[in-house]
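See below for the structure under consideration.
Numbered from 1 within each chain, the chains take letters A, B, ... in sequence-line order.
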Amino acid sequence: MESTVRVRFAPSPTGGLHIGGVRTILFNYLFAKQNNGKFILRIEDTDQTRFVKGAEDYIYSCLDWCGIKADESTRAGGDYGPYRQSERKSIYRQYAEQLVKSGYAYYAFDTSDELECKRQVTENFRYDQNTRQTLRNSLNIPHEAAENLIKEGAPHVIRIKMPKDEQIHFTDMIRGDVSFSSNDVDDKVLLKADGMPTYHLAVVVDDYLMKITHAFRGEEWLPSAPIHILLWRYLGWAADMPQWAHLPLILKPNGNGKLSKRDGEKFGFPVYPINWIDPASRKKADGFLEVGFLPEGFINMLAMLGWNDGTEQEIFSMDDLIAKFSMERIHKGGAKFDYEKAKWYNQEWIKISSAKRLLSPVKDALNNAHIQDFSDNQLLSVIDLVKERCVLLTDFVEQGSFFFKAPDKYDTNSVKPKWNDDKEEFFKAFADELKSGEFLDSASLETNFKDLATKKGLKVGDAMLPFRIMLVGGKFGPQVFDIAHQIGKDETINRINQALEAFEKYK
RNA sequence: GGCCCGUUCGUCUAGGGGUUAGGACGUUAGAUUUUCAUUCUAGAAACAGGGGUUCGAUUCCCCUACGGGCUACCA
């Protein structure tokens with residue numbers, strides 16, 4: 001009988017979730033879906049001092065935008081809840097006590113201040129097998145004295161007692177065999193003075209209780225892996241230990257360190273999936289959503305940061321990724337984030353997406369720019385006309401707004417130098433012709449326009465640019481006659497007349 | 001400082017004992033498009049260094065360098 005794959009992502013609600021975390025979520029999710037397993041979202045809010053209001057909601061919003069749904073979570077529920085660690089507080093202590101009883105952990109009464117002092121005095125001070133004899137803990141005072149202190153309510157923590165001269169090995173799914181000497185690891189706190197577990201205890205206990213089979217996390221956790229391995233062993237659960245995989249980090253574009261939340265502002269690109277407003281400072285950080293990314297492009301880009309399928313394919317939908325993802329093909333080295341390439345993925349997704357798919361996000365982008373006067377059908381045609389020149393969804397504002405609004409200013413430099421009576425006359429004639437003629441399609445419009453220009457002794461090229469400026473306002477946009485056809489006969493005539501007036505002074 | 005992990009074009013990466021070291025982004029040049037974008041063609045651009053092992057190493061091993069991570073009663 002094969003046991004079900006169960007993976008988890010366990011963020012702490014201390015702020016916005018940045019793209020490194022989202023990529024870890026993505027890899028967890030892909031692995032779970034591929035194996036018909038479960039993806040669990042667990043909130044690790046064991047540090048009450050760092051709790052940030054709104055952070056948990058934000059995580060769900062990000063997941064939602066990305067199209068990822070947790071099978072079990074604080075919201076979805078599940079058989080292994082609660083899924084918020086602060087609500088599990090009561091279950092951790094017994095395991096810590098169990099470790100004390102079996103001799104793998106001990107009570108320590110040193111206060112944070114005392115230890116801070118030690119660190120001031122001794123460089124590289126560590127609470128470990130070399131120093132623990134000199135400190136205030138249950139290893140150095142009679143057992144009963146320790147028990148009494150605790151009964152009296154003396155503040156204390158429980159620390160793991162790291163063994164001497166032991167090599168701790170484990171096989172990482174990405175890195176292969178990794179080993180540490182127990183002598184290099186300090187006696188980490190497992191249970192804090194406030195009764196909350198630290199991450200080290202909580203991950204192990206919860207992963208066990210929630211029957212996690214594969215534990216994926218960022219590479220920054222590698223150094224604490226030996227603690228977790230030992231805990232699994234000391235708690236008697238070694239046979240149930242999940243397989244570990246430490247994912248490579250996403251690095252700053254300049255390569256100096258891992259990408260951090262502040263880098264968005266510093267380098268000028270988003271690091272959050274959606275806008276994050278820090279509740280304390282009210283400072284807003286841009287999200288990929290608001291900047292104009294499609295979730296498809298965002299996910300595609302993230303997946304390719306450290307993974308590829310071994311072929312030359314670069315564009316993957318979520319379903320493609322679920323089908324083709326494999327842990328073996330994850331890179332070991334960190335990846336510097338490249339915003340240019342990120343935008344390219346989005347551009348590709350805009351190009352291959354149907355107008356129907358694009359309708360809602362493009363509408364949002366236009367509405368945000370206060371352009372609302374259009375029907376869905378109009379917008380659908382416009383999207384098809386302009387999508388290949390958009391990299392971000394927000395580009396639809398510039399590329400699309402003139403379809404719904406006559407230009408209020410003109411790129412005069414493109415018209416001014418060559419504007420004269422002949423041209424004015426031509427456009428007047430063209431407007432007249434439009435008025436009385438039919439307005440079939442852009443091809444016949446083009447023919448009419450060119451014929452008339454030739455008849456009036458104008459070079460076609462000399463008439464095209466002013467026409468574009470009249471309709472669009474600037475030197476951009478799709479085929480002029482497509483634009484004219486799209487905005488319709490009356491509007492085309494209006495814009496010609498309006499421009500003719502504005503150009504009067506250039507003659 | 002100590003420990004751990006890593007290192008192929010500027011960036012993301014493929015490859016792997018004998019290859020013209022492949023692709024993509026970006027970049028350069030050109031073609032197409034009577035704006036721009038798209039599209040197409042071509043170009044420049046990489047195996048960190050030193051020792052082994054081997055007939056042969058970019059590929060395997062060791063060392064060095066460099067980069068990154070961790071070193072809290074934070075995750």
>> Could you tell me how far rG51(B) sits from rA45(B) if I compare only their C1' atoms? Round to whole Å.
In response: 29 Å

> What nucleic acid atoms does M464(A) come within less than 4.0 Å of, heavy atoms only: base, sugar-phosphate, or nothing?
Replying inline: base

> What's the closest nucleotide to the K351(A) side chain, out of rU38(B), rG69(B), rC3(B)?
Replying inline: rU38(B)

> So which one's nearest nucleotide on RNA chain B is more toward 5', T49(A) or A342(A)?
Replying inline: A342(A)

>> Going by ring-ring contact (aromatic ring centres under 6.0 Å, His included), F27(A) matches just one of F325(A), F9(A), W307(A). Which one?
In response: F325(A)

> NA contact type, G257(A), heavy-atom cut-off 4.0 Å: base, sugar-phosphate, or nothing?
Replying inline: sugar-phosphate

>> Does a side-chain N or O of R119(A) approach OP1 or OP2 of rC73(B) to a distance below 4.0 Å, or not?
In response: yes

> Considering only the C1' atoms, how many Å lie between rU58(B) and rU8(B), rounded to the nearest integer?
Replying inline: 8 Å

>> Closest approach to the side chain of S112(A), judged atom by atom: which nucleotide of rC73(B), rC70(B), rC3(B) is it?
In response: rC73(B)

> Can you check the L385(A) CG to rC36(B) P distance for me, whole Å?
Replying inline: 18 Å

>> I'd like to know if the side chain of D441(A) pairs up with that of H485(A) as donor and acceptor (distance under 3.5 Å, no hydrogens or angles considered).
In response: no

> Should the pair R159(A) and Y127(A) be classed as cation-pi, given the thresholds of under 6.0 Å to the six-membered ring centre and 45° from the axis?
Replying inline: yes

>> Say we look at rA24(B) and rU41(B): how far apart would their P atoms be, to the nearest angstrom?
In response: 10 Å

> Which whole-number value in Å describes the distance from M196(A) CE to rA75(B) C1'?
Replying inline: 13 Å

> Between F337(A) and F269(A), does the ring centroid distance fall short of 6.0 Å?
Replying inline: yes

> Ignoring hydrogens and angles, does a donor from either the side chain of K188(A) or the base of rA72(B) sit under 3.5 Å from an acceptor on the other?
Replying inline: no

> So, is R126(A) near the phosphate of rU71(B), with a side-chain N or O under 4.0 Å from OP1 or OP2?
Replying inline: no

> Just checking G306(A): base, sugar-phosphate only, or nothing, at a heavy-atom cut-off of under 4.0 Å?
Replying inline: sugar-phosphate

>> In terms of relative ring orientation, are F180(A) and F170(A) parallel, tilted or perpendicular, with 30° and 60° separating the classes?
In response: parallel

>> Base, sugar-phosphate or nothing for Q479(A)? Non-hydrogen atoms, less than 4.0 Å.
In response: base

>> Does a side-chain N or O of H246(A) approach OP1 or OP2 of rG69(B) to a distance below 4.0 Å, or not?
In response: no

>> Within the 4.0 Å heavy-atom criterion, would you say E388(A) contacts the bases, only the backbone, or no part of the nucleic acid?
In response: base

> So what does E44(A) touch, heavy atoms closer than 4.0 Å: a base, only the sugar-phosphate, or nothing?
Replying inline: sugar-phosphate

> When you measure from the side chain of D338(A), which nucleotide among rC25(B), rU13(B), rU35(B) comes out closest?
Replying inline: rC25(B)

> For G333(A), which contact category applies under a 4.0 Å heavy-atom criterion: base, sugar-phosphate, or nothing?
Replying inline: sugar-phosphate

>> Classify R175(A) by what it touches in the nucleic acid, base, sugar-phosphate, or nothing, heavy-atom distance under 4.0 Å.
In response: sugar-phosphate

> If you check every side-chain atom of F180(A), which of rC3(B), rA75(B), rU35(B) has the closest atom?
Replying inline: rC3(B)

>> Nearest whole Å is fine: how far is rA75(B) C1' from K261(A) NZ?
In response: 10 Å

> Which comes earlier along RNA chain B counting from the 5' end, the contact point of D177(A) or that of A335(A), where each point is its nearest nucleotide?
Replying inline: D177(A)

> For the base of rU38(B), is there a side-chain donor-acceptor partner from R389(A) under 3.5 Å away?
Replying inline: no

>> Could you tell me how far rG43(B) sits from rU33(B) if I compare only their P atoms? Round to whole Å.
In response: 24 Å

>> Between P on rG1(B) and CG on D184(A), what's the gap in Å once rounded to a whole number?
In response: 16 Å

> Base, sugar-phosphate, or nothing: which does S224(A) touch, judged by heavy atoms less than 4.0 Å apart?
Replying inline: nothing

> When the P atoms of rU7(B) and rC62(B) are considered, how many whole Å apart are they?
Replying inline: 14 Å

>> Checking side-chain polar atoms at under 3.5 Å, does N140(A) have a donor or acceptor matched by the opposite partner on N137(A)?
In response: yes

>> Would K341(A) and D338(A) count as a salt bridge (Lys or Arg N to Asp or Glu O under 4.0 Å) here? Give the steps.
In response: CA-CA 6 Å; K341(A) 184 114 190 206; D338(A) 180 0; over 6 Å; no

> Looking at T46(A), does any N or O in its side chain come under 4.0 Å of the phosphate oxygens OP1/OP2 on rA75(B)?
Replying inline: yes

> Is the shortest side-chain N/O distance from N124(A) to OP1 or OP2 of rG1(B) below 4.0 Å?
Replying inline: no

>> Roughly how many Å apart are rU13(B) and rC47(B), using the C1' atom of each and rounding to a whole number?
In response: 13 Å

> Closer than 4.0 Å, any side-chain N/O of K341(A) to the OP1 or OP2 of rC12(B)?
Replying inline: no

>> Of the options rA14(B), rU35(B), rC25(B), whose atoms approach the side-chain atoms of H331(A) most closely?
In response: rA14(B)

> From rC73(B), rG6(B), rG69(B), pick the nucleotide closest to the side chain of L249(A)?
Replying inline: rG69(B)

> Do D206(A) and Y83(A) meet the criterion of a side-chain donor-acceptor pair at a distance under 3.5 Å?
Replying inline: no

>> Of the listed nucleotides (rU39(B), rG10(B), rC73(B)), which one gets closest to any side-chain atom of L115(A)?
In response: rC73(B)

>> I'd like the C1' distance from rA44(B) over to rU28(B), given in whole Å.
In response: 7 Å

> Is any side-chain nitrogen or oxygen of K192(A) closer than 4.0 Å to OP1 or OP2 of rC74(B)?
Replying inline: yes

> Below 4.0 angstrom from OP1 or OP2 of rC5(B), is there any side-chain N or O of K258(A)?
Replying inline: no

> Do F403(A) and F396(A) have ring centroids that are under 6.0 Å from one another?
Replying inline: no

>> Taking any heavy-atom pair under 4.0 Å as a contact, classify Q347(A): base, sugar-phosphate, or nothing.
In response: sugar-phosphate

>> Considering every strand and a 4.0 Å limit on heavy-atom distances, what is the contact class for N256(A): base, sugar-phosphate, or nothing?
In response: sugar-phosphate

> Can you tell me how far C1' in rC66(B) sits from the matching atom in rG49(B), rounded to whole Å?
Replying inline: 10 Å

> Hey, does V178(A) reach any base, or is it just sugar-phosphate, or nothing, if we go heavy atoms under 4.0 Å?
Replying inline: sugar-phosphate

> Which one of E220(A), E219(A), R217(A), K332(A) satisfies the side chain to side chain donor-acceptor pair (under 3.5 Å) criterion with H246(A)?
Replying inline: R217(A)

> Touch check for R329(A), heavy atoms < 4.0 angstrom, all strands: base, sugar-phosphate only, or nothing?
Replying inline: sugar-phosphate

> Choosing from rA75(B), rC25(B), rU71(B), which nucleotide comes nearest the side chain of W221(A)?
Replying inline: rA75(B)

> Touch check for P253(A), heavy atoms < 4.0 angstrom, all strands: base, sugar-phosphate only, or nothing?
Replying inline: nothing

>> I need the CZ-P distance between F316(A) and rU13(B), as an integer number of Å.
In response: 13 Å

